[in-house]
Amino acid sequence: LEDNLQTPLFRRLRKRLSLSPAGQLYLEQARKILLHIEQSTLQMLSYDHEREVLSIAAHPSLGAHWLIPLLKHFHDLHPHIQIDMHDSLQPFSLAQKNIDVAFLFGHGNWENLECVKLFEEGMIPVCQPGLLGKKTIRHASQLAGFGLIQCHSRPNAWERYFSDQNDPVEHSYHGPRFATWSACIQAALAGYGIALVPKFLAADALQQQLLVCPWEYELPSLGAYYVAYEAHTADEPRIRQLIQWLTQHLELEDQEKKE
């Protein structure tokens with residue numbers, strides 16, 4: 001192999017072998033190829049000629065708290081469409097990842113993608129019902145005294161929350177930090193402090209009174225959630241059916257809110 005590549009892949013020291021920098025790079029690339037082969041093999045093993053596969057990518061928190069429960073109705077209506085869910089934290093090329101539809105947060109201006117706006121991301125503080133004890137919150141800045149749970153994807157959320165109310169806090173960036181909204185919600189449930197999270201993600205926990213909102217101000221969104229797909233795939237039946245169903249669902253929700 002080294003002769004073919006004309007590059008040393010190993011360092012030979014006495015009776016021991018270790019990878020050279022080139023060997024380490026080659027190993028990393030080979031692992032990626034083998035992983036891709038494994039994934040393709042598993043996909044072929046699960047192939048069913050009577051079903052269409054719809055590959056969907058979404059942020060883990062959005063998927064767990066909103067999308068997966070919602071898609072059950074679509075799944076029941078279209079049993080011939082097999083849903084294949086993937087987690088994604090950042091925007092990416094749908095074609096390169098073999099993804100049909102992605103649920104993304106931003107401004108809906110991604111290159112070469114058709115986008116349908118779903119909803120904005122108003123954020124509220126939530127915490128354990130017993131976290132505040134008998135204390136009454138009279139100013140937003142008092143929330144900082146109970147610990148501010150931070151999210152990696154919105155590092156300045158708390159700073160904006162206090163500034164928008166003209167009640168700044170000196171150490172608004174301090175506090176335990178977590179990667180996803182789901183983790184922030186779990187941290188609030190565990191009593192780490194107060195989490196500032198999208199209202200729709202905390203709705204179930206609030207309804208079950210597992211969490212409470214200690215201060216009523218809702219931070220306006222700097223973006224929105226969109227469902228995105230490549231323009232040239234818009235007429236593919238499985239994608240068209242999903243977009244139509246989702247649009248109808250959102251219109252029905254809007255009507256119910258107005259009533």
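Just so it is clear, the model here is predicted, and its values are computed rather than measured.
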Verdict with supporting geometry, Val101 and Ile239, side-chain contact (heavy atoms from CB on, under 4.5 Å): CA-CA 7 Å; Val101 174; Ile239 296 176; 4.1 Å; yes

Step-by-step salt bridge (charged side-chain N to carboxylate O under 4.0 Å, His left out) determination, Glu121 to Arg154: CA-CA 12 Å; Glu121 184 191 65; Arg154 305 288 190 280; 3.1 Å; yes

Audit row: Phe146, Leu132, side-chain contact (heavy atoms from CB on, under 4.5 Å) steps and yes/no: CA-CA 7 Å; Phe146 298 91; Leu132 304 184; 3.7 Å; yes

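Residue Tyr26 places its OH atom among 12 or fewer non-hydrogen atoms of other residues, nucleotides or ligands, all under 6.0 Å distant. More than 12 heavy atoms of other residues, nucleotides or ligands shown are found within 6.0 angstrom of CD on Gln244.
Defined by atom type and a distance below 3.5 Å, a donor-acceptor pair is missing between the side-chain atoms of Trp181 and His65. In summary, the side chains of Ser55 and Asn98 do not present any donor paired with an acceptor at a separation below 3.5 Å, with no hydrogens or angles considered. At a cut-off of 3.5 Å, with distance as the only test, no side-chain donor of Thr247 or Glu251 sits close to an acceptor on the other residue.
Val212 and Leu148 fall into different hydrophobic clusters, defined by Ile, Leu, Val, Met, Phe, Trp and Tyr side-chain heavy atoms under 4.5 Å apart, directly or through other members. Phe162 and Leu222 fall into different hydrophobic clusters, where Ile, Leu, Val, Met, Phe, Trp and Tyr are joined by side-chain heavy atoms under 4.5 Å apart, directly or via other members. Cluster membership for Tyr173 and Tyr192, using ILVMFWY side-chain heavy atoms within less than 4.5 angstrom, is not shared. Residues Leu62 and Leu206 are members of one and the same hydrophobic cluster, defined by side-chain heavy-atom contacts under 4.5 angstrom among Ile, Leu, Val, Met, Phe, Trp and Tyr.
Between the side chain of Glu2 and the main chain of Leu9, a donor-acceptor pair closer than 3.5 Å is present. When atom types are taken as modelled, the side chain of Ser20 and the backbone of Gly23 share a donor-acceptor pair closer than 3.5 angstrom. A donor-acceptor pair under 3.5 Å is formed between the side chain of Gln142 and the backbone N or O of His139.
With respect to the salt-bridge test (charged N to carboxylate O, under 4.0 angstrom), the residues Arg240 and Asp235 do not qualify.
Considering SG of Cys184 and CZ of Arg177, their distance stands at 9.5 Å, rounded to 0.5 Å.
Aromatic ring orientation, Tyr226 versus Trp110: perpendicular (interplanar angle above 60°, classes split at 30° and 60°).
Remark: of the listed residues Phe200, Trp66, Phe103, Phe200 is the sole one forming a ring-ring contact (aromatic ring centres under 6.0 Å, His included) with Tyr225.
In this structure, the side chains of Leu54 and Asp84 stay at 4.5 Å or more apart for every pair of heavy atoms.
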